[in-house]
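Structure first, then comments.
As a basis for the values below, the full set of heavy atoms in this structure was taken, side chains included, without hydrogen atoms, waters or symmetry mates. We number each residue from 1, following the sequence as shown.
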Amino acid sequence: MIDPRASDGAGGRPIFRFAPSPNGYLHLGHAFSALLNFRWAKMAGGKFLLRIEDIDPERSRRPFEAALIEDLRWLGVDWDETPRRQSDHLAEYRQALEGLTQRGLAYPCFCSRGDIGQICATEVNWPRDPDGAFLYPGTCRALSPAERTERVAAGARWSLRLDMAKALSQFAQPLTYNEYHEGETGRIVVAQPELWGDALIGRRDVPASYHIACTLDDDAQGVTDVARGVDLEPVTGLHRLLQALLGLRTPRYRHHRLVLDGEGRKLSKSKAAQSLRDLRDGGVAAETIRADLSRLMKITL
Ligand code: GLU
């Protein structure tokens with residue numbers, strides 16, 4: 001449960017947020033996360049915010065945004081401020097990335113996924129990140145400024161990577177954050193951003209990435225409590241490092257369990273988990289969903 005006294009948000013009020021990507025319809029996993037955030041915010045006398053994470057131009061769709069707003073309202077979840085849409089803030093993300101580049105902490109990478117695979121797949125045990133992708137072999141880290149300028153001028157496509165070793169060398173002590181999971185008591189966790197190697201922090205198509213947009217927005221929105229699925233727990237170390245590099249505040253983290261399907265797998269839009277709208281169209285009431293999720297997850301929603 002949330003201790004209402006453990007607040008450090010603006011005016012002492014905790015601020016929670018739910019941050020879906022509008023690339024499909026919401027399913028029961030989203031409903032659980034949204035209801036949990038909403039309830040915890042209310043219990044703590046705090047605010048609940050909605051953020052639309054739509055920086056992926058290929059997959060984000062306005063009709064999905066409208067649908068998720070409608071579905072959340074139908075569920076009984078409501079927010080305290082106008083939702084923040086990330087595609088409206090690309091200039092801020094670009095500015096932060098440029099700052100990191102100027103400080104020598106980020107560099108342009110011209111490698112495609114295929115290029116990286118060709119190098120790494122030849123080694124039997126090439127290290128992988130927590131998502132299972134090869135750690136970047138560092139090919140473009142060594143390019144000279146002249147080579148970089150030349151390639152960009154020639155029209156080569158590039159993304160931006162964090163120079164992990166350099167970024168870590170900025171801090172004498174390990175970075176930490178407070179993790180609560182679903183409980184009342186936090187524990188200090190040592191962040192492990194190095195698990196991601198030279199992580200991608202700027203995409204080829206937009207001057208942003210989930211990591212940079214999420215950390216900047218949590219700070220900009222004054223978020224004090226990030227409650228999201230445990231599947232995102234491994235990225236938190238990287239977010240903590242970005243916060244430290246950019247002088248941003250670090251919220252409390254409350255990574256919660258995931259709603260699983262009958263075979264114990266996480267629900268996903270791509271695997272066409274049953275959507276809230278299908279359930280609604282099939283005559284299921286919002287109250288039934290809330291009650292069923294509470295029972296299934298053994299937590300009051
Ligand atoms: N947009 C992310 C998702 O839909 C959530 C990110 C977060 O809560 O930090 O999975």
Side-chain angles (χ1 to χ4, degrees), residues 16-35 37-38 48-75 77-98 109 112-113 129 131 133 157-162 196 199-221 223 226-229 231-232 234-236 238-239 242 248 258-259 266-281:
F16 287 74
R17 75 353 179 234
F18 177 59
S21 306
N23 54 17
Y25 293 120
L26 299 185
H27 52 58
L28 288 172
H30 298 108
F32 177 62
S33 191
L35 287 166
N37 269 286
F38 185 61
F48 172 79
L49 307 180
L50 176 65
R51 182 163 82 221
I52 309 293
E53 300 213 323
D54 64 342
I55 57 164
D56 184 340
E58 308 251 300
R59 300 177 63 219
S60 301
R61 298 273 179 276
R62 281 293 165 92
F64 285 133
E65 177 185 313
L68 74 85
I69 287 178
E70 193 182 288
D71 291 349
L72 288 172
R73 290 225 165 95
W74 171 75
L75 259 187
V77 170
D78 209 353
W79 33 94
D80 292 298
E81 291 174 11
T82 308
R84 180 180 175 98
R85 191 188 286 133
Q86 290 191 323
S87 58
D88 293 337
H89 295 272
L90 294 180
E92 290 148 52
Y93 311 141
R94 184 198 299 273
Q95 201 187 3
L97 292 175
E98 281 173 2
C109 172
S112 67
R113 214 175 285 168
D129 70 19
D131 282 346
R157 300 189 65 208
W158 53 280
S159 45
L160 201 67
R161 286 187 183 274
L162 188 67
W196 298 93
L200 275 177
I201 54 169
R203 298 164 53 113
R204 280 187 174 196
D205 47 359
V206 272
S209 59
Y210 159 58
H211 306 303
I212 208 83
C214 175
T215 47
L216 283 168
D217 281 3
D218 283 337
D219 185 71
Q221 295 188 284
V223 171
V226 170
R228 61 185 175 197
D231 53 334
L232 288 172
V235 301
T236 302
L238 179 57
H239 292 190
L242 291 173
L248 308 174
L258 302 176
V259 179
K266 141 181 180 197
L267 303 180
S268 88
K269 289 172 189 152
S270 51
K271 291 193 195 105
Q274 195 174 32
S275 68
L276 292 180
R277 22 198 63 209
D278 285 346
L279 292 164
R280 183 177 67 181
D281 293 347

Inset, instruction - Verify side-chain contact (heavy atoms from CB on, under 4.5 Å) between Arg228 and Thr236, making sure each step is shown before the conclusion. - result: CA-CA 11 Å; Arg228 61 185 175 197; Thr236 302; 2.8 Å; yes
Inset, instruction - Drop me the distance from His89's NE2 to Leu216's CG, to the nearest 0.5 angstrom. - result: 11.0 Å
Inset, instruction - Considering non-hydrogen atoms only, spot the tightest contact between Leu200 and Ser159 and give its length. - result: CD2-OG, 3.3 Å
Legend entry - Test ring pair (Phe, Tyr, Trp, His ring centres under 6.0 Å) applied to Tyr93 - qualifying residues, sequence neighbours left out: none
Inset, instruction - Establish, from distance only, whether the side-chain atoms of Ser112 and Arg204 form a donor-acceptor pair under 3.5 Å. - result: no
Legend entry - Leu162 side chain near Leu238 side chain, heavy-atom distance below 4.5 Å: yes
Inset, instruction - Using atom types as modelled and distance alone, determine if a side-chain donor or acceptor of Asp131 lies under 3.5 Å from a backbone N or O of Ala133. - result: no
Inset, instruction - Please determine if Arg73 and Glu70 form a salt bridge, counting it only when a charged side-chain N lies under 4.0 Å from a carboxylate O. - result: no
Legend entry - Approximate separation, where rounding is to 0.5 Å, of Leu68 CG and Phe18 CZ: 7.5 Å
Inset, instruction - Check whether any side-chain N or O of His30 sits under 3.5 Å from a backbone N or O of His27 as a donor-acceptor pair, and report yes or no. - result: yes
Inset, instruction - Determine, stepwise, if the pair Asn37 / Phe48 fulfils side-chain contact (heavy atoms from CB on, under 4.5 Å). - result: CA-CA 7 Å; Asn37 269 286; Phe48 172 79; 3.5 Å; yes
Legend entry - Leu267 side chain reached by Phe32 side chain, heavy atoms, under 4.5 Å: no
Legend entry - Distance, nearest 0.5 Å, that separates OG of Ser21 from CG of Leu26: 10.0 Å
Inset, instruction - Write down the atom of Leu97, the atom of Gly202, and the distance for their closest heavy-atom approach. - result: CD1-CA, 4.0 Å
Legend entry - Flag side-chain contact, heavy atom, 4.5 Å: Trp196 against Ile201: no
Inset, instruction - Would you indicate whether the side-chain heavy atoms of Cys214 and Arg51 approach each other to under 4.5 Å? - result: yes
Legend entry - Carboxylate-amine/guanidinium proximity below 4.0 Å for Arg84 and Glu92: yes
Legend entry - Residues, nucleotides or ligands: over 12 heavy atoms within 6.0 Å of Gln95 CD: no
Inset, instruction - Say whether, by atom type as modelled, one donor and one acceptor occur between the side chain of Arg61 and the main chain of Glu58 under 3.5 angstrom. - result: yes
Inset, instruction - Rounded to the nearest 0.5 Å, what's the gap from CG on Asp218 to NE2 on His239? Could you check? - result: 8.5 Å
Inset, instruction - Please answer whether the main-chain N or O of Ile212 pairs with a side-chain N or O of Thr215 as donor and acceptor at a distance below 3.5 Å. - result: yes
Legend entry - Test side-chain contact (heavy atoms from CB on, under 4.5 Å) applied to Leu28 and Leu276, step by step: CA-CA 7 Å; Leu28 288 172; Leu276 292 180; 4.0 Å; yes
Inset, instruction - Report, as yes or no, whether the 6.0 Å neighbourhood of atom CZ on Arg94 holds more than 12 heavy atoms from other residues, nucleotides or ligands. - result: no
Legend entry - Value rounded to 0.5 Å, distance of CZ in Arg203 from CG in Asp56: 4.0 Å
Legend entry - Nearest atoms (heavy-atom pairs only) where Ser275 meets Tyr25: CB-CB, 3.6 Å
Legend entry - Reported CG-to-OH distance for the pair Asp217 and Tyr210, which is rounded to 0.5 angstrom: 11.0 Å
Inset, instruction - Kindly give the heavy-atom pair with the smallest separation between Ser60 and Asp54, and that separation in Å. - result: OG-CA, 3.3 Å
Inset, instruction - Apply side-chain contact (heavy atoms from CB on, under 4.5 Å) to Leu248 and Leu242, showing your working. - result: CA-CA 8 Å; Leu248 308 174; Leu242 291 173; 5.9 Å; no
Legend entry - Nearest heavy atoms of Ile52 and Pro22, plus distance in Å: CG2-CG, 3.7 Å
Inset, instruction - Measure across Arg161 and Cys109 and return the closest heavy-atom pair with its distance rounded to 0.1 Å. - result: NE-SG, 3.3 Å
Inset, instruction - With the side chain counted from C-beta on, respond yes when Val259 and Ser33 share a heavy-atom pair under 4.5 Å apart, and no when they do not. - result: no
Inset, instruction - Examine the side chains of Arg17 and Gln221 and answer whether a donor and an acceptor come within less than 3.5 Å of each other. - result: no
